[in-house]
Protein chains: 2
Amino acid sequence: MNKVDDTCLVECVHSDNVEQVVLKMEPDENLFLLAELFKAFGDSTRIRILHALSFSELCVCDLAHLLNMSSSAISHQLRVLRGQKIVKYRKDGKNVIYSLVDAHVATLLEQGLQHVNE
Amino acid sequence: MNKVDDTCLVECVHSDNVEQVVLKMEPDENLFLLAELFKAFGDSTRIRILHALSFSELCVCDLAHLLNMSSSAISHQLRVLRGQKIVKYRKDGKNVIYSLVDAHVATLLEQGLQHVNE
DNA sequence: CCAACGATTGAATATATGTTCATGTATGCA
DNA sequence: TGCATACATGAACATATATTCAATCGTTGG
């Protein structure tokens, strides 16, 4: 069984447009990574973490208090953000202090907020 | 049972930092909406749709061919994008032609791609 | 050294989500 | 009018994901 929709015949396609677009499309691999990046932003817990970090670096415990959540839950989410290279961290004694990797991340957040508050 | 982590005592918090951040935080409602927005970007099918639409407006059938997926699957995802006001559409006979709502969306995509291709 | 604390991790569970399949709606053409 | 096409939608299923709970690791202070 094929994933292509058999009910949609070739004739319906605006061939000129589609071919133009095909040529310009990024490789699927890049688009997949892009989706993974946005997915990391696509959770209210992680967004709140990132929003908080846009003002100041914070340790896990700070974040847990700030968001009124367990430090375990926070840590799990920070792991996701680390995986996407959205946050970085440094150790300070018993604490681990997190911050945004660069201003680029803050810009994305800002752009998104503008869209929401349009 | 409380969601707050009992193992993390008040003493560990960097009170000064946290209080500063609390004052600057956006309302949770806005951050929730922001997460929903990014969530809409956080799927490879939807990202490919948006990326394609950043080059040209396209009907459902065009998109289905372009992504080699059923028009049903595409339609479901377009519904999500419509819900977040990321795409708009106009009817043209039997076709429904989709496009990005504004340049703002394209900017977000571009910003994200830059981060991925860093 | 040991006890306490901050943080991380793995397993488990409940929930959310994407695609398929079947069906329904609307438009255009014979 | 009847039929095929383009699209939308609802239900179902399989998969992904967020939080909790329990256990562990690393660091610090007594």
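Residue numbers begin at 1 in each chain, while the letters A, B, ... track the order of the sequences.
- Distance B:D43 CG to D:dT17 P: 10 Å, rounded to the nearest Å.
- Taking atom NZ on A:K94 and atom C1' on D:dG29, their separation rounds to 7 Å, with Å as the unit.
- Rounded to whole Å, atom C1' of D:dT27 lies 11 Å from atom CG of A:D92.
- For C:dT27, the OP1/OP2 oxygens have no side-chain nitrogen or oxygen of B:N95 closer than 4.0 Å.
- In this structure the side chain of A:I47 reaches within 4.5 angstrom of the side chain of A:L109, judged on heavy atoms.
- At a threshold of 4.0 Å, the pair B:E57-B:R90 counts as salt-bridged, since one of the basic side-chain nitrogens sits closer than that to a carboxylate oxygen.
- An OP1 or OP2 oxygen of C:dT17 is reached within less than 4.0 angstrom by no side-chain nitrogen or oxygen of B:R46.
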Task: A:Y89/A:R82 under side chain to side chain contact (heavy atoms under 4.5 Å, CB included): CA gap, chis, key distance, verdict - done: CA-CA 9 Å; A:Y89 65 95; A:R82 277 191 333 250; 3.6 Å; yes

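- Comparing A:S44 and B:Y98 by the nucleotide of DNA chain D that holds the closest heavy atom to each, the one mapping nearer the 5' end is B:Y98.
- Between B:Y89 and D:dA6, a side-chain N or O to OP1/OP2 separation shorter than 4.0 Å is absent.
- When the side-chain nitrogen and oxygen atoms of A:R48 are compared with OP1 and OP2 of D:dA18, none of them lie within a distance under 4.0 Å.
- Within the structure, every side-chain polar atom (N or O) of A:K39 is placed at least 4.0 Å from both OP1 and OP2 of C:dT17.
- Contact of B:S72 with D:dC7 (side chain to base): no donor-acceptor pair of N or O atoms is detected under 3.5 Å.
- One atom, CD1 of A:I49, and another, C1' of D:dT19, lie 12 Å apart when rounded to the nearest Å.
- Between A:E36 and A:K91, the one whose closest nucleotide on DNA chain D sits nearer the 5' end is A:E36.
- Interface remark: the A:H76 side chain does not form any donor-acceptor pair with the D:dT17 base, using a distance-only criterion of under 3.5 Å.
- When rounded to the nearest whole Å, the span between CD of B:Q77 and P of D:dC7 equals 16 Å.
- A salt bridge is defined here as a Lys NZ or Arg NE, NH1 or NH2 lying under 4.0 Å from an Asp or Glu carboxylate O, and A:D43 with B:K39 fails to meet this definition.
- Going from atom CG of A:L78 over to atom P of C:dG6 covers 16 Å, rounded to whole Å.
- The side chain of B:S70 places an N or O atom within less than 4.0 Å of a non-bridging phosphate oxygen (OP1 or OP2) of C:dT20.
- Side-chain N/O atoms of A:R79 include none lying less than 4.0 angstrom from OP1 or OP2 on D:dT17.
- Computed from coordinates, the A:M69 CE to C:dT8 P distance equals 14 Å when rounded to whole Å.
- For A:V60, counting side-chain heavy atoms from C-beta on, the closest listed nucleotide (C:dT8, D:dC7, C:dG6) is C:dT8.
- Atom CG of A:N117 is separated from atom CD of B:E26 by 5.5 Å, given to the nearest 0.5 angstrom.
- Atom-to-atom, CZ of A:R90 to P of C:dA7 comes out at 12 Å; the value is rounded to the nearest Å.
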